[in-house]
Number of protein chains: 2
Amino acid sequence: MSLNCKYEKVLEVLLGKWKTAILYQLYSKGTMRFGELQRAIPDITKKMLTQQLRELEYHDILLREVYHQIPPKVEYSISAYGQGLLPVLLEMNDWGMAHIQHLNELYGEEGSVKAFVSRIDEIAGK
Amino acid sequence: MSLNCKYEKVLEVLLGKWKTAILYQLYSKGTMRFGELQRAIPDITKKMLTQQLRELEYHDILLREVYHQIPPKVEYSISAYGQGLLPVLLEMNDWGMAHIQHLNELYGEEGSVKAFVSRIDEIAGK
DNA sequence: AAACGTAGTATATAAAAAGATACCATAAGG
DNA sequence: CCTTATGGTATCTTTTTATATACTACGTTT
């Protein structure tokens, strides 16, 4: 078996409450400005958006282009390297959708978070 | 594009500091007892181990078999359904290994966490 | 009768992540 | 000369996660 724990690296790259939403926007829409991203992702703060963008940029998933003008303009997009992550995300996506279905079958519609918590309590015998 | 944010579900399943290690053990070794898992994963506490096992059990990734004897014996293994997660993990694994390599090329060997932090600071202009 | 082994639970604490809010620089437009 | 727009940063508080440590149940062994 060639599973050697390195898939954790993917988790590291995707880790953070907002990465999913950011990547979804950028993979779908191509290029977006900072403010555009912020408007597209309700409730995210500038701080969080900046932080998560920097982390993705560090991992070379994102490209950041600064236009030196005032008011400032900064554009974000998926890098060429970052495109290579897409197939992985798509496979995760497929499994994820099937899993939501599976959880419904196991625990019913109301499911997801609510059922999750109470099921945990139940398993724990509370 | 069929990326619709559901890959987040995989993250949810894999979320938690110790899930990676637990799954690694169980996918590799098949069936393990509670204490065996604890010994195989240095530094994990019983509390964390129990919690993470329960979460994986909730998601039907794991099977928990209780032998009613004293001292107690409880065996954990990957469920049939959980086997379906393996291809996803393997693909994540492949990308992860390549990514570690990519980060080395970008930032050098000492890299990973240390370089990560300082690079973030650098990008942030500190 | 006390100690051991197993698979936990309970409770309190510390550390990490996220959120709220205020602030900054600068040019253009009124 | 005051306001607006943009893309942030700084600081503090709250929430979420993880850790440390002690405790339990019970049959078997010493």
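Naming: A, B, ... by sequence-line order, numbering from 1 per chain.
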Original post:
Taking only residues two or more places apart in sequence or in another chain, which ones pass salt bridge (charged side-chain N to carboxylate O under 4.0 Å, His left out) with B/K73?
Top reply: B/E75
Subject >> nucleotides 18-26 of chain C: protein proximity per nucleotide (B base, S sugar-phosphate only, - neither; heavy atom, under 4.0 Å) >> reply: BBB-----B
Original post:
With a non-hydrogen cut-off below 4.0 angstrom, is B/Y76 in contact with a base, only sugar-phosphate, or nothing?
Top reply: sugar-phosphate
Original post:
Over how many whole Å does the gap from B/L62 atom CG to C/dA7 atom C1' extend?
Top reply: 16 Å
**OP:** Could you go through the side-chain contact (heavy atoms from CB on, under 4.5 Å) check for B/Y76 and B/I22 one step at a time?
**Re:** CA-CA 10 Å; B/Y76 292 90; B/I22 293 172; over 6 Å; no
**OP:** Work out which heavy atom in B/L37 is nearest to a heavy atom in B/Q25; give both atom names and the distance.
**Re:** CD2-CB, 3.8 Å
**OP:** Grab the CD-P distance between B/Q69 and C/dA7 for me, whole Å please.
**Re:** 9 Å
Original post:
Between B/E75 (CD) and C/dT6 (P), how many Å, whole number?
Top reply: 14 Å
Original post:
Would B/L26 and B/M32 count as a side-chain contact (heavy atoms from CB on, under 4.5 Å) if you check the C-alpha gap in whole Å, the side-chain angles of each, and the deciding distance to 0.1 Å?
Top reply: CA-CA 7 Å; B/L26 291 176; B/M32 291 175 86; 3.9 Å; yes
Could you give the side-chain donor-acceptor pairs of residues 38-50 of chain B under 3.5 Å, partners two or more places apart or in another chain?
residue	atom	partner	partner atom	Å
B/T45	OG1	B/M48	N	3.2
B/T50	OG1	B/K46	O	2.7

**OP:** Return no unless some side-chain N or O of B/R64 is found under 4.0 Å from OP1 or OP2 of C/dG8.
**Re:** yes
**OP:** Nearest whole angstrom, please: distance from the P of C/dC4 to the NZ of B/K73.
**Re:** 23 Å
Original post:
Excluding sequence neighbours, so at least two apart, what forms side-chain contact (heavy atoms from CB on, under 4.5 Å) with A/Q101?
Top reply: A/E105
Subject >> Qualifying ring-ring contact (aromatic ring centres under 6.0 Å, His included) pairs, either residue in residues 29-50 of chain B, two or more places apart >> reply: none
Give the table of side-chain donor-acceptor pairs shorter than 3.5 Å for residues 78-89 of chain B, with sequence neighbours excluded, one pair per line with atom names and distance.
residue	atom	partner	partner atom	Å
B/S79	OG	B/D60	O	2.5
B/S79	OG	B/I61	O	3.2
B/S79	OG	B/Y81	N	3.4
B/S79	OG	B/G82	N	2.8
B/Y81	OH	A/H99	ND1	2.6

Original post:
What's the spacing between A/T31 OG1 and A/L63 CG if we round to 0.5 Å?
Top reply: 8.5 Å
**OP:** Describe, as an angle rounded to 10 degrees, how the axis at the first end of the helix from C/dA1-D/dT30 to C/dG30-D/dC1 is tilted relative to the axis at the last end, five pairs per end.
**Re:** 30°
Subject >> Pairwise salt bridge (charged side-chain N to carboxylate O under 4.0 Å, His left out) hits with a residue in residues 14-37 of chain A, at least two apart >> reply: A/K19-A/E55
Original post:
Please give, in whole Å, the distance from D/dA20 C1' to B/Q38 CD?
Top reply: 13 Å
Original post:
Tell me, which of residues 29-37 of chain A have any heavy atom that sits under 4.0 Å from an atom in DNA chain D?
Top reply: A/R33, A/F34, A/G35
Original post:
Do any side-chain nitrogens or oxygens of B/R54 fall under 4.0 Å of OP1 or OP2 in C/dG8?
Top reply: yes
**OP:** To the nearest 0.5 angstrom, please state how far the CG atom of A/L56 sits from the CZ atom of A/R54.
**Re:** 11.5 Å
Original post:
Roughly, in whole Å, what's the span from CG in B/L11 to P in D/dT17?
Top reply: 14 Å
**OP:** Would you mind reading off the distance between B/E57 atom CD and C/dA7 atom P, rounded to a whole angstrom?
**Re:** 15 Å
**OP:** Specify the separation, in whole Å, of atom CD of A/E65 and atom C1' of D/dG8.
**Re:** 18 Å
